Number of protein chains: 2
Amino acid sequence: MLKNPVVLLDLVNRLANLMRSEYRRIGGEDGLQPVHVLALMFLEQANRFSNTPQALAEYLGLTKGTVSQSLLLLDRRGLIERYQDEIDRRVVRLRLSPQGEAFLGEANPAGLWQMATREISANRVRYSVSVLRTILYELQNFSGGPSFGVCNTCVYCQRKSQRIHHCTWFGERLSGPETRKICREQVPKTGSLSASD
Amino acid sequence: MLKNPVVLLDLVNRLANLMRSEYRRIGGEDGLQPVHVLALMFLEQANRFSNTPQALAEYLGLTKGTVSQSLLLLDRRGLIERYQDEIDRRVVRLRLSPQGEAFLGEANPAGLWQMATREISANRVRYSVSVLRTILYELQNFSGGPSFGVCNTCVYCQRKSQRIHHCTWFGERLSGPETRKICREQVPKTGSLSASD
DNA sequence: GTCTTTAGTATTGAATCGATATTAAAATTT
DNA sequence: AAATTTTAATATCGATTCAATACTAAAGAC
């Protein structure tokens with residue numbers, strides 16, 4: 001007897017397995033493993049508070065030592081750049097190199113997914129996003145890690161005017177595009193969690 | 001700029017990463033890797049047309065050689081049993097051993113997930129299941145593998161009477177409990193795909 | 001100024017994983 | 001019916017991931 005939440009878990013597992021195969025296929029041509037493709041995808045989306053090895057390790061659910069190795073490889077291949085943080089000099093910042101961006105542009109790891117979701121209405125996608133986001137938030141509550149949500153759905157993200165946003169967590173101004181990236185400190189607004197049934 | 005389907009993909013990836021960590025934590029006490037826990041979970045749910053190494057390989061998105069190694073380990077640990085198919089003697093059938101069932105019962109790999117989804121209404125879960133199932137079906141259309149859905153949502157599953165179901169694909173009778181397991185040949189009914197918006 | 005904490009890296013060993021080759025049974029063709 | 005091809009699964013091997021441990025360096029606490 002299969003209860004519905006378990007069916008949902010099974011679907012998430014299986015979808016992730018399928019996409020993992022896709023990442024393997026895509027990365028294989030360049031000698032990259034699935035985890036490398038996932039890392040590049042993360043760096044493409046991470047905002048400036050979340051582009052560190054530590055954040056990536058939490059996102060992937062791996063140890064920082066393991067992730068350090070993967071980053072070494074990506075660095076050797078010239079797909080990412082590493083630079084020291086100005087203020088806290090222990091912190092390493094990561095960004096995609098032009099080659100890294102070119103790789104993502106050509107390989108397009110989400111392409112298969114986009115084809116598969118093409119026929120699904122925006123409403124249904126939005127609704128599912130809201131449900132999965134709730135689960136993610138609850139999961140991280142129980143297991144202690146950050147939830148990595150999109151900035152503009154966060155309680156700390158305040159809209160000051162047409163173009164200016166402000167993060168009350170980090171106490172910094174945010175540009176419009178920045179608020180559409182992924183942040184490790186994101187805490188979802190209750191509004192964005194309980195979409196109408 | 002993040003489009004909504006990509007946000008959904010990101011959520012699926014991240015949820016799967018988190019659950020993978022959970023599987024690692026749970027299996028670690030018994031020296032099992034995440035992939036072993038996933039395999040046991042699959043065998044718990046697979047119906048009698050889908051309990052083979054081949055099907056497991058397709059489910060996990062790995063090669064059959066790789067999966068063969070994992071099964072060897074699970075067999076050595078006494079967590080699964082392998083037996084030959086009566087009719088096609090190339091085929092190996094797999095099932096959980098009593099120890100395997102005991103492990104899943106105690107470790108409860110989906111426990112964290114069930115806690116995280118406890119507060120989410122059955123409607124919202126059902127709706128999300130329907131959306132993800134559609135995506136899974138589309139994904140497998142593009143990439144060629146089977147979709148592994150629950151039997152009773154399949155076009156081939158015919159209800160003959162109160163208790164008797166019939167699979168028009170394999171041409172065999174199915175018991176009620178069997179129709180709630182996962183099948184590799186499942187093709188979702190259109191009804192179960194397009195839940196109302 | 002010492003101690004503790006935190007971010008990241010190096011090293012090592014176990015385990016996954018794919019590629020290739022092989023075995024054995026079934027299906028197909030001639 | 002014999003030969004060929006296909007299919008399910010396993011064995012071997014080498015490359016790669018990954019965790020564990022130890023380590024360095026910077027920041028923060030006392």
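This one's a predicted model, so the numbers in the text were calculated from it and none came from an experiment. Naming convention: chains lettered A, B, ... in sequence-line order (proteins, then strands); numbering from 1 in each chain.
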Quiz item: So does B:Glu22 pair up with B:Arg25, basic N to acidic O under 4.0 Å?
Solution: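 Result for this pair is yes, salt bridge flagged.
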Identify which nucleotide among [options] has an atom closest to any side-chain atom of [X], counting heavy atoms from C-beta outward.
{"X": "A:Asp88", "options": "D:dT10, D:dC18, D:dA26", "answer": "D:dA26"}
{"X": "B:Ser68", "options": "D:dT10, D:dC18, D:dT7", "answer": "D:dT10"}
{"X": "B:Thr52", "options": "D:dA9, D:dA27, D:dC18", "answer": "D:dA9"}

To the nearest Å, how far apart are [X] [atom1] and [N] [atom2]?
{"X": "A:Leu73", "N": "D:dT16", "atom1": "CG", "atom2": "P", "value": "8 Å"}
{"X": "B:Asn17", "N": "D:dC18", "atom1": "CG", "atom2": "C1'", "value": "14 Å"}
{"X": "B:Gln69", "N": "D:dT12", "atom1": "CD", "atom2": "C1'", "value": "9 Å"}
{"X": "B:Asp75", "N": "D:dT10", "atom1": "CG", "atom2": "C1'", "value": "13 Å"}
{"X": "B:Lys64", "N": "D:dT12", "atom1": "NZ", "atom2": "C1'", "value": "15 Å"}
{"X": "A:Leu62", "N": "D:dT16", "atom1": "CG", "atom2": "C1'", "value": "14 Å"}
{"X": "B:Leu71", "N": "D:dA8", "atom1": "CG", "atom2": "P", "value": "15 Å"}
{"X": "A:Leu72", "N": "D:dC18", "atom1": "CG", "atom2": "P", "value": "15 Å"}

Partners of B:Phe42 by ring-ring contact (aromatic ring centres under 6.0 Å, His included), sequence neighbours excluded?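 With neighbours one apart ignored, the set is B:Tyr59, B:Phe148.
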- Return no unless some side-chain N or O of B:Arg24 is found under 4.0 Å from OP1 or OP2 of D:dA19.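 Yes, B:Arg24 has a side-chain N/O under 4.0 Å of OP1/OP2 on D:dA19.
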Phosphate oxygens OP1/OP2 of D:dT17: is one of them under 4.0 Å from a side-chain N or O of A:His36?
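Yes, such a contact exists.
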* Hey, does A:Glu178 have a side-chain heavy atom less than 4.5 Å from the side chain of A:Asn47? ->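 Of all side-chain heavy-atom pairs linking A:Glu178 with A:Asn47, none is under 4.5 Å.
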(Q) Using side-chain heavy atoms (C-beta onward) and a distance below 4.5 Å, is A:Val6 in contact with B:Gln45? (A)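 Yes - at least one pair of side-chain heavy atoms lies under 4.5 Å apart.
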Tell me yes or no: between the side chains of [X] and [Y], is some donor less than 3.5 Å from an acceptor?
{"X": "B:Arg126", "Y": "B:Ser121", "result": "no"}
{"X": "A:Ser175", "Y": "A:Arg163", "result": "no"}
{"X": "B:Thr153", "Y": "B:Gln186", "result": "yes"}

| said: Both A:Arg89 and B:Gln54 contact DNA chain D. Taking the nearest nucleotide for each, which residue is further toward the 5' end? | reply: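 With A:Arg89 and B:Gln54 compared, the 5'-side residue is B:Gln54.
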Taking for each residue the nucleotide of DNA chain D bearing the nearest heavy atom, is the 5' side occupied by A:Ile87 or by B:Pro53?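 The answer here is B:Pro53.
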Determine the contact category for [X]: base if any of its heavy atoms lies under 4.0 Å from a base atom, sugar-phosphate if only primed atoms, P, OP1 or OP2 are that close, otherwise nothing.
{"X": "A:Arg82", "answer": "sugar-phosphate"}
{"X": "A:Arg93", "answer": "nothing"}
{"X": "B:Leu56", "answer": "nothing"}

Which pair of heavy atoms, one from A:Ser21 and one from B:Gly61, lies closest together, and at what distance?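 Taking A:Ser21 first and B:Gly61 second, the nearest heavy atoms are OG-O, 3.1 Å.
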Presence of donor-acceptor pair under 3.5 Å, side chain of A:Thr66 and base of D:dA19 |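 Indeed there is one.
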Given DNA chain C, 5'-ward residue of the pair B:Glu86 and B:Gly31, judged by closest heavy atom: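 It is B:Gly31, whose closest nucleotide lies nearer the 5' terminus.
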Requested in this report: Anything under 4.0 Å to a heavy atom of chain A counts; send over the first and last such nucleotide of DNA chain C, read 5' to 3'.
Outcome: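 Both ends considered, the range comes out as C:dT6 to C:dG18.
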